[in-house]
Amino acid sequence: MAAFDYKALDEKGRQKKGVIEADSSRQVRQQLRENGLTPLSVDATIEKKKEGESSFPVRGKSLSVKDLAMITRQVATLIQASIPIEETLSAVSAQSDKPHIKSMMLAIRGKVLEGYTLADSMAEFPNAFPKLYRSTVAAGEHAGHMDLVLNRLADYTESRQQARQKIQLAAIYPIILSVVAVSIVIFLLTYVVPDIIEVFVNNGQELPALTRSLLVVSSFLSNWGLYIFIALVIGIICFQYSLKKDAFRFAVHKKILSTPFISKLSKGMNTARFASTLSILNSSGVPLVDAIRISGEVLSNDCLKRSIMDAAVMVSEGSSLTNSLEKTGYFPPMMLHMIASGESSGELDQMLERTAKNQENDLEGLISAIVGLFEPLMLLVMGVVVLIIVLAIMLPILSMSNIVS
């Protein structure tokens, strides 16, 4: 049986959407008519490209990290209760109130009923189930420990979501503070300062150097501010477009790894992700070389990613994981020491998991320190800018008072 997305009209002419499992679209239409609905369209969730070829997703369906973690946890719980995989997928589909998740799970169930493995069935939706996820599921199916593997996957996905939320929440306040601060300064320079200084200019009073300098800045922003903003937007768009080109993106990512302070943040984030991913893959039974390659694919920095691929080649040639990672020059000594200890003791999985947690804790501490330093620094900068503006306005007033007295 396959899953079909349908649109139909009820007796009152209201449109309804949903997902039905059936052997053919004709059977779906028949079921809809029997339920008093007039079918408008019936589309297979997964269609064949050609006879005998593998199927592909009709739409680039994807899942949020939260939905993926929830689905993974539900599947793991039901499999742990010895419920067959096809019934598990059906139950997860029925449990969800989101149509795209329903259709996706029923489509995967249809592939499983055709004899495909769960990992191969999930491959029909690569945007929803990334390569890391599918490789881990395949390893769990091969080892016969699907419940344990899926529970670990759920833990991993949830921890990634929590880490992402922490970073986003930490970045919200500095971003808002920066936008408000810059907006206030621009408003003062373009609207308030010119009107006040114009009074002194009309009286023929000679302006102090600070006031004249501020007036030049104000005039420049008033005349060219809009053009500067447009040029900035165009520059950002061009930069983002250029990042789609591999050579340019690699050069930028390499520069990031050599930029003071930013490099520490990028290395910490990527090495923590690498260690965490490698831990779950290796403990799930994925061969070490394959696990290294897949772990490298989840990194956000292309330069680091290429270094990891080189390390995988060295491991396949007989080198130890510690030496291979050390030659990249991007992994911290403590992490390499813990990995070496895990290799020598035969507890690489536990050491990778431990070093991943250490890296994540260090990263959280670094982000907290950045946010903690940014707030007083931003307030200090704002205070200096406002002080300069106030002095530029007050100096002519004080000069006028001295003349009058």
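Counted within 6.0 Å of CD on E87, heavy atoms from surrounding residues, nucleotides or ligands total more than 12; the atom is thus considered enclosed. Annotation: M334, atom CE; neighbour count of heavy atoms from other residues, nucleotides and ligands within 6.0 Å does not exceed 12. Counted within 6.0 Å of CG on L391, heavy atoms from surrounding residues, nucleotides or ligands total more than 12; the atom is thus considered enclosed. No more than 12 heavy atoms of other residues, nucleotides or ligands lie within 6.0 Å of CZ in R306, so this atom counts as exposed by the packing criterion.
A distance of 10.0 Å separates CG in L210 from CZ in R212, rounded to the nearest 0.5 Å. Note that CG of D302 and OG of S307 are 10.5 Å apart. Values are rounded to the nearest 0.5 Å. How far CG of N301 is from CG of L304: 4.5 Å, rounded to the nearest 0.5 Å. One distance of note links CG of L352 with CE of M335; it measures 7.0 Å at 0.5 Å rounding. Distance check: S121 OG to E86 CD gives 11.0 Å after rounding to the nearest 0.5 Å. Rounded to the nearest 0.5 angstrom, R73 CZ and Q80 CD are separated by 10.0 Å.
A heavy-atom distance below 4.5 Å is not found between the side chains of T328 and D310. With contacts defined as side-chain heavy-atom distances shorter than 4.5 Å, the pair F331/I339 does not qualify. A 4.5 Å side-chain heavy-atom check between N323 and V315 finds every atom pair outside the cut-off. Two residues are said to be in side-chain contact when any heavy atoms from C-beta on lie closer than 4.5 Å; F220 and I228 meet this criterion. Using a 4.5 Å cut-off on side-chain heavy atoms (C-beta onward), K254 and L257 make no contact. Contact of the Y116 side chain with the I108 side chain is not registered, since no non-hydrogen atoms from C-beta on lie closer than 4.5 Å. Between L325 and I308, some side-chain heavy-atom pair lies under the 4.5 Å cut-off. Side-chain contact between V384 and I388 is present, with heavy atoms from C-beta onward closer than 4.5 Å.
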### Message
I'd like to know whether L215 forms a side chain to side chain contact (heavy atoms under 4.5 Å, CB included) with T211, so could you lay out the CA-CA distance, the side-chain angles of the two residues, the decisive distance to 0.1 Å, and finally the verdict.
### Response
CA-CA 6 Å; L215 191 60; T211 306; 5.6 Å; no
### Message
Between V386 and V185, is the side chain to side chain contact (heavy atoms under 4.5 Å, CB included) condition met? List the steps.
### Response
CA-CA 8 Å; V386 172; V185 170; 5.6 Å; no
### Task
Kindly indicate, with the supporting measurements, whether the criterion side chain to side chain contact (heavy atoms under 4.5 Å, CB included) is fulfilled by M104 and L63.
CA-CA 10 Å; M104 192 180 299; L63 291 173; 4.1 Å; yes
### Message
Test side chain to side chain contact (heavy atoms under 4.5 Å, CB included) on M309 and I292; report intermediate values, then the result.
### Response
CA-CA 8 Å; M309 295 306 164; I292 295 172; over 6 Å; no
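When atom types are taken as modelled, the side chain of N270 and the backbone of S300 share a donor-acceptor pair closer than 3.5 angstrom. At distances below 3.5 Å, at least one donor-acceptor pair connects side-chain atoms of S213 with backbone N or O atoms of A209. Proximity of a side-chain donor or acceptor of S344 to a complementary backbone N or O of S341 within less than 3.5 Å is detected. The backbone N or O of S96 lies less than 3.5 Å from a partner atom in the side chain of K102, making a donor-acceptor pair. Judged by distance alone, with hydrogens and angles left aside, the side-chain atoms of T259 form a donor-acceptor pair with the main-chain N or O of K255 at under 3.5 Å. Judged purely by atom type and a 3.5 angstrom limit, S222 uses its side chain to pair as donor or acceptor with the backbone of S218. Under a 3.5 Å cut-off, the side chain of E124 and the backbone N or O of A107 do not form any donor-acceptor pair. Side-chain atoms of S93 do not come within 3.5 Å of backbone N or O of L89 as any donor-acceptor pair.
Legend: residues meeting side-chain contact (heavy atoms from CB on, under 4.5 Å) with A181, ordered by chain and number and at least two apart, are M378, M382. Evaluation of the ring pair (Phe, Tyr, Trp, His ring centres under 6.0 Å) rule for Y330 yields no partner, not counting sequence neighbours. Residues forming a side chain to side chain donor-acceptor pair (under 3.5 Å) with T271 (at least two apart in sequence, or on another chain): Q359. For Y227, the ring pair (Phe, Tyr, Trp, His ring centres under 6.0 Å) partners at least two apart in sequence or on another chain are W224. When the side chain to side chain donor-acceptor pair (under 3.5 Å) test is applied to D290, no partner is found at least two apart in sequence or on another chain. Remark: M70 engages D67, Q74 in a side-chain contact (heavy atoms from CB on, under 4.5 Å) (not counting sequence neighbours).
Of all the heavy atoms in A291 and N282, the pair that sits closest is CB-N, 4.4 Å. Among all heavy-atom pairs drawn from A356 and A272, the shortest one is CB-O, 4.1 Å. When all heavy atoms of Y133 and M122 are compared, the closest pair comes out as CE2-SD, 3.7 Å. Here the shortest heavy-atom pairing between F250 and C303 reads CE1-CA, 3.5 Å. Pairing each heavy atom of K305 with each of G296, the nearest pair is CG-O, 3.2 Å. Nearest heavy atoms, L150 versus A76: CB-CB, 3.5 Å.
Taking the six-membered ring for Trp, F239 and F248 have ring centres closer than 6.0 Å.
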